Amino acid sequence: MILAPAGIVGSILLVLNAQLGLTKVVFSPSSYDWSDYKYKHALSSTMQLPEGTPVGIPTVQFAFPAESAQESATRKTRQKAVLDTFTKGWASYWGYAWKRDELAPLSGTGKDTFGGWAATLVDALDTLWIMGLKDEFYEAAGEAAKIDWAVTEDTSVNMFETNIRHLGGLLAAYDLSREPALLSKAIELGDILWAGFDTPTHLPPFMFDFKQAKNGKLVLEDNQSSAAIGSFALEFTRLAQVSGDSKYYDAIARVTSLFVSNQLKTNLPGMWPMFINARKGTFEQTAFTLGAVADSFYEYLPKMHYLLGGQEPAYEEAYRDAMETAIKSLLFRPMLPDKDDILVAGSAAVAGGKATLNAKNEHLGCFAGGMFLLSGKLFDISEHVDIGTKLTNGCIYSYDAFPTGIMPEISQMHPCPSFEECEYDASKFTDTTLPKGFTAVGDPKYILRPEAIESVFYLYRITGDSKLQDVASVLVEGKPAQEDSMESFWFAETLKYFYLIFSPPDTISLDDWVFNTEAHPFRRPK
Ligand SMILES: *[C@@H]1O[C@H](CO)[C@@H](O)[C@H](O)[C@H]1NC(C)=O
């Protein structure tokens with residue numbers, strides 16, 4: 001296959017293909033071409049993408065038996081309810097915010113939160129495909145293939161968000177539809193983001209400033225989110241695999257090397273601090289978490305092992321070391337009146353060489369259940385399947401506990417001394433207006449986040465427990481205050497995971513696909 005590069009020859013080829021009816025999406029190049037960008041901070045060599053045949057990858061999904069007519073009928077009714085929710089939202093986006101980054105659902109307008117590059121449209125492409133909305137998919141893909149990355153009102157763009165939403169979205173849409181125009185658009189964007197790694201430490205900045213980047217003068221911060229630095233691995237690896245260009249893999253492999261070589265030297269050996277010094281490439285801070293600010297860096301370790309077919313052992317080693325520490329210092333069993341056997345991913349602060357647990361319960365931390373479950377299967381660690389199950393049940397518990405049926409963005413609980421059951425001590429819970437087991441609610445919002453349903457999805461596909469389909473269909477009661485914002489991950493992640501739970505298990509099977517942190521499925525090389 002010829003992979004058409006961004007540029008004039010590529011677009012002629014694609015137009016010809018389209019006229020011959022071989023492809024339906026027509027590529028239109030951006031007005032500024034980053035493909036010939038040369039690094040100002042020299043590299044002595046390029047790390048090559050490992051491309052051998054996958055080794056030692058076990059089956060991940062449960063061997064589901066055929067469903068009964070009754071089960072099928074219930075499943076389809078629920079699936080239809082998710083589809084209807086999606087199409088209702090999509091019609092509003094189409095009508096009120098087409099090609100904008102986000103729909104503002106109360107005011108019925110659009111807003112641009114990520115460079116004005118149609119974030120919701122790009123983020124939703126693969127969901128449209130998976131839900132069988134092919135006309136809508138091709139309409140949106142046609143627009144995505146015309147995005148001009150040089151046209152933006154902003155002088156800089158958030159590298160992490162652009163990578164997980166736009167690049168991840170285009171790659172998954174390409175993997176599903178095989179439309180070359182989407183790959184060409186992904187390569188154009190990949191070339192921009194790749195320039196973001198041209199810094200003295202070869203770590204990317206938080207914000208990609210176009211002017212600074214063109215001069216090779218991107219500014220790194222002394223205090224930068226570790227997830228925002230370390231969560232390019234899957235997208236850049238998939239881009240290297242489908243484009244055949246190792247330069248994208250090289251950029252993230254350098255970041256991995258730096259993290260791995262510091263992994264056992266941090267204040268909580270095995271884990272990396274939430275914030276790192278990107279300018280110096282050092283890891284000196286004392287706050288650690290699996291939740292916000294650090295989350296997807298950890299999530300990508302087992303997924304990289306999977307996407308690379310086990311060809312690079314560093315990812316499994318890093319995952320095992322990190323989780324050994326996380327299990328000891330961050331996970332806790334909350335004190336509960338009925339002594340439910342659940343776990344929650346908290347955070348820790350280190351002082352004087354000693355880690356102190358903060359029994360925080362974050363919605364963002366709910367991804368951890370899915371990570372432990374997938375890794376437990378991939379690396380054959382039954383303890384991790386068990387922990388992943390209990391973490392997922394911790395999120396289900398937190399959803400059930402609140403009157404809306406939805407857990408808050410941030411709450412506090414009280415930890416048992418160990419993972420063993422402990423007596424409920426009512427004196428620890430002074431705020432009696434809160435559900436039992438919660439000591440405080442730091443942030444009561446729910447912003448359509450996917451992490452809990454994501455872990456329920458992994459638990460269902462891995463254990464085959466159909467009770468999880470009932471859990472996923474809990475109805476929300478009451479009418480809380482509303483925000484004038486519909487994050488693009490509502491289509492990209494939340495509704496996709498709901499839809500997949502009510503789809504036949506071979507729809508985007510976990511044995512064939514690896515999800516990025518925005519729920520974009522990448523095809524796993526076999
Ligand atoms: C880093 O930034 C975070 C979030 O803004 C802040 O809480 C933390 O104190 C900062 N750390 C340092 C060392 O500046």
Side-chain angles (χ1 to χ4, degrees), residues 113-115 154-165 196-197 199-209 212 218-232 255 258-259 261-300 322 325-326 329-332 344-368 408-413 439-445 447 449 451 483 485 487 489 517:
T113 39
F114 297 110
D154 297 341
T155 53
S156 65
V157 72
N158 182 313
M159 276 194 73
F160 167 79
E161 299 287 356
T162 306
N163 174 61
I164 65 167
R165 300 188 198 221
F197 290 74
T199 63
T201 52
H202 294 300
L203 298 177
F206 188 67
M207 296 301 288
F208 182 94
D209 181 296
Q212 287 174 1
L218 286 164
V219 176
L220 295 173
E221 292 161 30
D222 287 352
N223 189 25
Q224 223 175 283
S225 146
S226 58
I229 292 172
S231 306
F232 293 83
V255 177
L258 181 71
F259 273 69
S261 62
N262 283 278
Q263 184 171 11
L264 301 176
K265 299 185 221 156
T266 66
N267 285 306
L268 190 63
M271 295 190 70
W272 300 271
M274 292 167 73
F275 292 94
I276 73 170
N277 188 322
R279 188 174 59 85
K280 295 194 209 149
T282 54
F283 298 73
E284 288 149 7
Q285 291 201 33
T286 52
F288 296 81
T289 184
L290 289 176
V293 179
D295 44 14
S296 46
F297 179 72
Y298 295 101
E299 173 191 344
Y300 277 14
T325 301
S329 302
L330 276 82
L331 305 191
F332 68 93
V344 172
S347 56
V350 178
K354 198 175 161 295
T356 306
L357 171 74
N358 174 2
K360 191 156 123 180
N361 184 356
E362 281 180 84
H363 197 292
L364 278 167
C366 281
F367 88 93
E409 178 81 358
I410 298 173
S411 57
Q412 291 289 137
M413 303 184 86
T439 58
V441 171
D443 182 352
K445 279 201 309 285
I447 62 164
R449 285 202 190 282
E451 292 77 16
E483 261 190 61
S485 168
E487 283 269 11
F489 49 67
T517 194

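Numbering of ligands and ligand atoms starts at 1, following listing order. Nothing fancy with the numbering, it's 1 onward along the sequence. Everything numeric here is computed off the predicted structure, so don't read it as measured data.
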A.B. asks: State which residue, out of E451, E409, R449, fulfils the side chain to side chain donor-acceptor pair (under 3.5 Å) condition with H363.
C.D. replies: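 Result: among E451, E409, R449, E451 is the only option passing the side chain to side chain donor-acceptor pair (under 3.5 Å) with H363.
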A.B. asks: Only pairs under 3.5 Å count here: list side-chain donor-acceptor contacts from residues 280-295, not counting sequence neighbours, and write none if there are none.
C.D. replies:
unit_1 : atom_1 : unit_2 : atom_2 : d
Q285   : NE2    : N223   : OD1    : 2.7
T289   : OG1    : G291   : N      : 2.8

A.B. asks: Would you call the rings of F232 and F197 parallel, tilted or perpendicular, taking 30° and 60° as the class edges?
C.D. replies: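 Correct class here is perpendicular.
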A.B. asks: Tell me whether R165 is salt-bridged to E487, with the criterion being a basic N under 4.0 Å from an acidic carboxylate O.
C.D. replies: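 Yes.
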A.B. asks: Check ligand 1 for N or O atoms under 3.5 Å from a protein N or O and list each pair with its distance.
C.D. replies:
unit_1   : atom_1 : unit_2 : atom_2 : d
ligand 1 : 2 (O)  : N223   : ND2    : 2.3
ligand 1 : 11 (N) : N223   : ND2    : 3.1
ligand 1 : 14 (O) : N223   : ND2    : 3.3

A.B. asks: If you measure only the distance, is there a donor-acceptor pair under 3.5 Å linking the side chains of T439 and Q412?
C.D. replies: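 No donor-acceptor contact under 3.5 Å links the two side chains.
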A.B. asks: Can you check side-chain contact (heavy atoms from CB on, under 4.5 Å) on F259 and I276, steps first, answer last?
C.D. replies: CA-CA 10 Å; F259 273 69; I276 73 170; 3.7 Å; yes
